[in-house]
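As structure tokens, the structure follows; a few thoughts come after it.
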Amino acid sequence: MCGEIKRARFLLGFIFIICSGVAGVHGQSGDSSKEPGAGEAYPNMPSISPIGVRIAKYFDVPPSSQGPAIDPARGYRLQDMGSGLYLITDNAIQSMFLVYDQGVVVIDAPQNLAAFIPKAIAGVTNKPITHLIYSHSHADHIGGAKTLGGNPIIIAQAETLRLLKRDADPNRPLPTVTFADKYTLRVGNQVLELSYHGNAHEPGNIFIYAPKQRVLMVVDIVFPGWMPWRRFAVAQDIKGYFAQVEEIRKMDWDIYVGGHVARTGTHADVDLQAEFDNDVKQAAATALAATKPGEGLNPLDKNNPWAFFDQYIDRVAAQCVNSLTPKWSTKLAGFDVYIWDQCYSMEQSLRIE
Ligand SMILES: [Zn+2]
């Protein structure tokens, strides 16, 4: 029987329509055997499309994952988080600014928000930007620093300076103040506590805490209401990533700013993300234990170790995706978009780290 998910898949020049049932899918692959390398679905293949397969329509975004609408005339949304701290977002990427008696501290200058930040500040105060804090080195979060203008003091963790020197990107000016573990910025009656908790997303990515406003910003770790970006937000250290989600959970704050998606987060969002992460870990571990390497491999590929592992890992990932789908497919937006990526990165981490 055909399930509700029907997808046309384009694989290596031929099309097969997959009708998903409860137990899996059945592919009709035409005359694929004549084309070297042409593929077909594994037994019990998940109904969610694997990486590299074009699909007709992704799952709908649940209402709980959508944030307040942006003003289409302005192109951004400003959220007052109290006592002079503001979130600015286009509902895809987020940064913040903090107003004090002499000026403004900007925290991240994303490429896509840089043109809006001065306008948003001007709507609140006429004070100048005196400081700019980099959460980490990635261009999507700080690539608008140059166009922000002025000559602010730029503060970042020492690893971010190292990476930005390497990258030599004129749009990401080098930090002028760096620190190793902790740095407290006191300006007027405002305070920001910056701290480094080691490598997870990338070296130099910091926690930014505003104690008066009880706001914690940690970029590219937790995505309120959403599946993490692919491969646990391309975490350079998966174990470090899991550890930082736990640290964020245990810290005392009221509003979480994750740097992406449409809204800020609550402790319930972080708890849900941690639960999901741990379920992926368990699902990948179970699939690794249950999957026999080499089973079903074409004997002609027996001298190709890359093929041996690719075929093994594909089967592990398929089981991992299958086991997570019933619980999670409607709980986090983007589940179908990135669940394969999460399972692939998790099995890799469990197998070799
Ligand atoms: Zn990043």
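Since the structure is predicted, the reported quantities are computational estimates derived from the model, not experimental observations. For ligands, and for the atoms within them, numbers begin at 1 and follow the listed sequence. Both backbone and side-chain heavy atoms feed into the values below; hydrogens, waters and symmetry mates do not.
Because the distance cut-off is set at 2.8 Å, D220 qualifies as a neighbour of the Zn ion (ligand 1) through one of its N, O or S atoms. Not one N/O/S atom of H141, from backbone or side chain, sits under 2.8 Å from the Zn ion (ligand 1).
H138 contributes atom ND1 as its closest N/O/S atom to the Zn ion (ligand 1). The closest approach of H136 to the Zn ion (ligand 1), by N/O/S atoms, is made by NE2.
Looking only at atom types and distance, the side chain of T130 has a donor-acceptor partner in the side chain of Y100 under 3.5 Å away.
For the ring pair (Phe, Tyr, Trp, His ring centres under 6.0 Å) test, residues two or more places apart in sequence or in another chain that qualify with Y241 are F232.
Annotation: F276 is in aromatic contact with W328 [ring centroid separation under 6.0 Å].
Within a 6.0 Å radius of NZ in K212, other residues, nucleotides and ligands contribute more than 12 heavy atoms.
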